[in-house]
Protein chains: 4
Amino acid sequence: MAPHKAPDSSRRSDRSRRAIYDAALALVGESGYRRTTIEGIAARAGVGKQTIYRWWPSKAAVLMEAFLDLAARAAEEAASQTGGTGGQAGGTDPQAGAAEYGIPDTGDLAADLKLVLRATVDELNDPLMEAPTRALTAEGIVDAKLGAEFVEKLLDPQLALYVTRLRAAQEAGQLRSDADPRIALELLIAPLTHRWLLRTLPLTHAYADTIVDYALGGLAPRS
Amino acid sequence: MAPHKAPDSSRRSDRSRRAIYDAALALVGESGYRRTTIEGIAARAGVGKQTIYRWWPSKAAVLMEAFLDLAARAAEEAASQTGGTGGQAGGTDPQAGAAEYGIPDTGDLAADLKLVLRATVDELNDPLMEAPTRALTAEGIVDAKLGAEFVEKLLDPQLALYVTRLRAAQEAGQLRSDADPRIALELLIAPLTHRWLLRTLPLTHAYADTIVDYALGGLAPRS
Amino acid sequence: MAPHKAPDSSRRSDRSRRAIYDAALALVGESGYRRTTIEGIAARAGVGKQTIYRWWPSKAAVLMEAFLDLAARAAEEAASQTGGTGGQAGGTDPQAGAAEYGIPDTGDLAADLKLVLRATVDELNDPLMEAPTRALTAEGIVDAKLGAEFVEKLLDPQLALYVTRLRAAQEAGQLRSDADPRIALELLIAPLTHRWLLRTLPLTHAYADTIVDYALGGLAPRS
Amino acid sequence: MAPHKAPDSSRRSDRSRRAIYDAALALVGESGYRRTTIEGIAARAGVGKQTIYRWWPSKAAVLMEAFLDLAARAAEEAASQTGGTGGQAGGTDPQAGAAEYGIPDTGDLAADLKLVLRATVDELNDPLMEAPTRALTAEGIVDAKLGAEFVEKLLDPQLALYVTRLRAAQEAGQLRSDADPRIALELLIAPLTHRWLLRTLPLTHAYADTIVDYALGGLAPRS
DNA sequence: GAGTAAGCGAGACGGTACGTCGTGTCTTATC
DNA sequence: GATAAGACACGACGTACCGTCTCGCTTACTC
């Protein structure tokens, strides 16, 4: 393998890094991922191309970091506004973003899930987030390495919140005790993702509600 | 607007078309979609570049058609082996591919679904199909037009089979009468797609079975 | 060796070739050879970079050809004006340029040489020719391959004219019969080249005359 | 204008300076002037790039100084071996190098010139000196400022020796009294330089001898 | 059966972006 | 305060493909 002598990150220019994040997100939003080029990002950020190639292996990696940074900043901002500790998740990890404040636990599982899934629907339908999220997801589907990073850094932290909430529901007797929360959560999340990614049918609050109802109640007739 | 004078498809070279299909699929399988180029396909197919540009608007479109052709040929072959009449779907449409023969109806909904979903799992895990399917899906996620074509030509025909089977189940009293089959099906299909696309966790027969059980039985405890 | 599959020169675009010549000469004249870039030439010529890289191995090679072409066109023009028959040199070879019409032979060797050398002085002092000629010469000094081409295509044809004239002088008894014309000519030419290349002292008509006198008469006192 | 605040040369690191000379000469010898880079010199010399930029304006200037230093060291060595005062040139100027010991004066002008010109031929043919000398000369041809420096520091001191010897010859009646020594010398030197720079024909001792004979005796037949 | 028009293999063309290299400036830490 | 190290903005390098174009050639269809 290429040793490639890693650059000295202590001397890295923060100014350039942030400018690159901004430029990358802006360009992807404006022109789409395909038409966004590294040269374009560099030009827009007022940065030499080499500064990008020095710190990132690919355009996708730049976008990924920019995206993570965006989420982190959003979370920080949210934290400073609400004054802090949301739910059960420890507040120090900036990665998980807005979702880190956990899924509420009012005692009514169905209601709590609908609340969260409706929020997810809104987020997915947000035109600002759409372009970069789609780009990143699509890239991850084709590039296994990037996909793994995407899952690890963005998806898994969010899914963990569901696991937590579902376990609590199990203890409260609102979820079958023999159900695997990790799989149960997929029954809830996957249909939304499916519609969003493949654009088969519109993704609405009503749909989210229906999914919760079907998943909890089951498709088979209750005897 | 120049109407672009559509070429006379009656004079089209079938030999070239097939060679392009083969080259496209082979190259995507070998080097990935990204590294596959139109020039590369033309060279491998022993074809002029213009012959590709004449008939297809994009690399993705070439791959899409190659893929549809592959599915059609596979279906044809399957048909000639089983002697023909599949399920309820009329056998003349080559598009729907292998799935067109329908979901069996033995009277046991759960068993039938598990059978079909296990087959889907196998198909998704088939390394031959993996690269082009992923490439096409990813492209469709970013390019709405292509995505629509993908859904219309490949996905919808398959989903229609589920709708048919689920409606039958409803009439047989094995599915809640108030359930929308189009949504119910997503509860079953989406988790598989989710795992496959995002590679979160392994996609196995056991997982398919569990999904069927959870979806039919519901996550909430039976009273 | 790299096979490199030579391009099909019969399909070459003449328009592009000439545009490249013009751009190269103009840029070298305006900004100097150093600051002239292949990208710049391509842009100025309205040509893709690859069109340059396809046909020439280096910037120097482009300039060399442009220069030869310039000389050829100048010669052609001169020919069409004077109506043709120059001196003893056959008029069909476009390479040698203006010099091909030979060195006059009035019977007075010294006068003839002074005439020609004064013309050479003027040519070397012509600011239009200066930049590209210097660039080419300098490049040839460092790059032996290019230098050989320079000598073969530009210098040797001119020197041959001197050989011819000096041989005639020998027969006329105006040049020592034991003198090698090829070497004799260097005594005449080299001092001019020397001053021009190294810029030691100004290069004037008087200097040319003096060189002829010294070379013919010898530096030693006549007994 | 920023006067560029000249650095304090008293604090300059001699160690670095010499390392840079060595690296520059070595690299030019190994890879040619073109492929030699300032970064490469710095790396090879174990020196920061800034140390080069602080003290020299260009790559050519570095090489020029390195070359002068080389000549000076060679002269010093020669001096310490022969025990000292060579000819008429005062021994304190290190610039002129080996040539400073002057052109011998045995009374036989032709023999003395042949001796010196043969030595020059050998020096020009020395493969060690060839690369840097060619590089420097070529650079000077294109860059007038550098060329002037080259002439002033390297060429003129050597030519002055010829002037001295030729004047002596004039006084001894071996050179026409009306001949300008500065021009006469060019008749002798320029042909050698010409062959070496342009590589038209091989540069040999015999050639040097012939040049002396032709130049002294003249090309015209002696009456 | 000759004439003609389309598709075809081939590949040159004007371009855009790639990823790398070197420039000359600047900053940081060391001596 | 000069130095070794090296990040930075910049710009050119030479390459790979893009999508368009023009060449002869082959292959139907038309008259």
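Atom set for the values below is all heavy atoms of this structure, side chains included, hydrogens, waters and symmetry mates excluded. Bear in mind the structure is a predicted one, so any value in this text is a computation, not a measurement. Order of the sequence lines sets the chain letters (A, B, ...), proteins ahead of strands, with each chain counted from 1.
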Does R11(C) contact dT22(F) through a side-chain donor or acceptor facing the base, at a distance under 3.5 Å? yes
Whole-Å distance, I20(D) CD1 to dA5(F) P, equals 12 Å
Do the charged groups of D143(C) and R35(D) touch, with an N to O distance under 4.0 Å? no
Hey, is E30(C) close enough to R44(C) for a salt bridge, meaning N to O under 4.0 Å? yes
Give the nucleotide from the list dA12(F), dA7(F), dA17(E) with an atom nearest to the side chain of E39(A). dA17(E)
side-chain N/O R54(D) vs dT3(F) OP1/OP2, d < 4.0 Å: yes
On DNA chain E, nearest-nucleotide positions of A42(B) versus T37(D): which is more 5'? A42(B)
Look at the side-chain N and O atoms of W56(D) and state whether any lies under 4.0 Å from the OP1 or OP2 oxygen of dG24(E). no
Distance in angstrom units between D14(A) CG and dT28(E) P, rounded: 13 Å
If each of S13(D) and G48(A) is mapped to the nucleotide of DNA chain F with the nearest heavy atom, which maps nearer the 5' terminus, i.e. the 5' end? S13(D)
In whole Å, I'd like the distance from the CD1 atom of I52(D) to the P atom of dG6(F). 15 Å
Taking only the side-chain heavy atoms of P7(B) (C-beta and beyond), determine which of dC18(E), dC18(F), dG7(E) contains the nearest atom. dG7(E)
Of A45(A) and S58(B), whose nearest nucleotide on DNA chain F comes first from the 5' end? A45(A)
Expressed as a whole number of angstroms, how long is the span from D8(A):CG to dA29(E):P? 10 Å
Once you round it to whole Å, what is the distance between C1' of dG9(E) and CZ of R44(B)? 18 Å
Kindly indicate whether the side chain of K49(B) and the base of dG19(F) share any N or O donor-acceptor pair separated by less than 3.5 Å? yes
So, is S16(A) close to the dA9(F) phosphate, meaning a side-chain N or O under 4.0 Å from OP1 or OP2? yes
Closest approach to the side chain of T51(B), judged atom by atom: which nucleotide of dA12(F), dC8(E), dA12(E) is it? dC8(E)
Could you tell me how far apart I38(B) (CD1) and dA10(E) (C1') are, to the nearest whole angstrom? 16 Å
Would you call E139(A) and K145(A) a salt bridge, using N to O less than 4.0 angstrom? no
Taking the side chain of R12(A) as heavy atoms from C-beta outward, which of dA6(E), dG14(E), dC8(F) is closest to it? dC8(F)
What is the nucleic acid contact for G46(A), judged by heavy atoms within less than 4.0 Å: base, sugar-phosphate only, or nothing? sugar-phosphate
Between Y53(D) (OH) and dT27(E) (C1'), how many Å, whole number? 16 Å
Hey, is E39(D) close enough to K59(D) for a salt bridge, meaning N to O under 4.0 Å? no
From the candidates dG14(E), dC8(F), dA12(E), the one with an atom nearest any side-chain atom of V47(C) is dG14(E)
How many Å lie between CZ on R17(D) and P on dT3(F), as a whole number? 11 Å
Any carboxylate oxygen within less than 4.0 angstrom of a Lys/Arg side-chain nitrogen, looking at D8(B) and R11(B)? no
Nearest to the side chain of Q50(B), heavy atoms from C-beta on, is which of dT20(E), dT22(F), dC13(E)? dT22(F)
Test: R18(B) and D69(B) ion pair at under 4.0 Å: yes
